[in-house]
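Notes follow the structure.
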Amino acid sequence: MAPTWYRRLTGLALAGALLAWAAPASAQAAHRHMGHVADQWNDTPDGVGLLAAAQAEAAIANQHAGLATAQPDNLQSIQRHVGHVMHALDPSTVEGGPGKGYGVVKAAQGAAQHIGLAAAADDASDNVKTHAEHVKTSAENVVTWSQQVIEKGRQVQAATDAATAARLAEEIHHMTTAIVEGTDANGDGRVSWGEGEGGLAQAEQHMGLMKRGEGMQ
């Protein structure tokens, strides 16, 4: 049998190793939630991060919003493509469509939630707290705009004349572009992350700044 002093030393070393192994799980809570937004989440298509899931669905929505404006005299075409927009934003609003079945609304809500959790973590740096506000605000803008588009989409579906539907389709295309790119709401020549301006592009930009500040890129 090994001497007592050796057994005690071995036990201390083992305990230290276990603590060292467990520490990253608790000490990197902010980074884990950042990863959920930027890199990987458990129920998104292909397991991508929540922000990437929102961007993929938003690209589909914007594409079909553009197609909805292509034939302003064709009510059926406008309604079909606006339905596709709605499906990409929230698949529960229409039956079937070209979206991935997750939806911009769910993905952006998840991104806002998890980046908020990153900022609230005990180990969150000032860098995380600052850029998390920017990402969260932009994601919340996207949720608001998406819900407004869905409401306009319902009006398109109920329309009985192409002129009304075409006017709404133009508004929808403008709004889905804002979801993807953000919008210069105050006319100052730039698009910020702020309320009413930041979209998914601004959320991605500040997510990248946050990750670089944390040495994660």
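Look at Asp39 and Lys211 and you find a salt bridge, because one of the NZ, NE, NH1 or NH2 atoms lies within 4.0 Å of a carboxylate O, short of that distance. Ion pairing between Glu133 and Lys136 fails under the 4.0 Å rule for side-chain N and carboxylate O.
Within the model, atoms CD of Gln79 and CE of Met86 stand 11.0 Å from one another, a figure rounded to the nearest 0.5 Å. Atom CD of Gln147 sits about 11.5 Å away from atom OG1 of Thr93, to the nearest 0.5 Å. Note that CH2 of Trp193 and CG of Leu209 are 13.0 Å apart. Values are rounded to the nearest 0.5 Å. Rounding to the nearest 0.5 Å gives a distance of 10.0 Å between CD of Gln28 and CE of Met34. We find the CD-CD distance between Glu151 and Gln155 to be 5.5 Å, quoted to the nearest 0.5 Å. Note that CG of Asn74 and NE2 of His81 are 8.5 Å apart. Values are rounded to the nearest 0.5 Å.
In this structure, a donor-acceptor pair under 3.5 Å is absent between the side chains of His134 and Gln202. With hydrogens and angles left out, the side-chain atoms of Ser138 and Asn141 include no donor and acceptor closer than 3.5 Å.
Taking a 6.0 Å sphere around CD of Glu195, one finds it holds 12 or fewer heavy atoms contributed by other residues, nucleotides or ligands. Surrounding CG of Asp46 are at most 12 heavy atoms belonging to other residues, nucleotides or ligands under 6.0 Å away. Within 6.0 Å of CG on Asp122 lie no more than 12 heavy atoms contributed by other residues, nucleotides or ligands.
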Checklist entry - Is there a side chain to side chain donor-acceptor pair (under 3.5 Å) between Asn127 and Glu214 once you walk through the steps? => result CA-CA 7 Å; Asn127 167 67; Glu214 297 300 295; 2.8 Å; yes
Item to check | Chi angles and distances behind the ring-ring contact (aromatic ring centres under 6.0 Å, His included) call for Trp41, His114 | outcome: CA-CA 10 Å; Trp41 184 236; His114 281 276; 4.5 Å; yes
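Among residues at least two apart or in separate chains, salt bridge (charged side-chain N to carboxylate O under 4.0 Å, His left out) pairs with a member in residues 89-118 are Asp43-Lys106.
The hydrophobic cluster containing Leu50 does not contain Ile115, counting ILVMFWY residues as joined when their side-chain heavy atoms lie under 4.5 angstrom apart, directly or transitively.
For the residue pair Ala108 and Ala54, the shortest heavy atom distance occurs at N-CB, 4.2 Å. Taking all atoms of both residues into account, the shortest heavy-atom contact from Val104 to Ser146 is CG1-OG, 3.5 Å. Heavy-atom minimum distance, Leu75 versus Asp161: CD1-O, 3.9 Å.
Ring geometry for His131 versus His206: interplanar angle of 30 to 60°, hence tilted.
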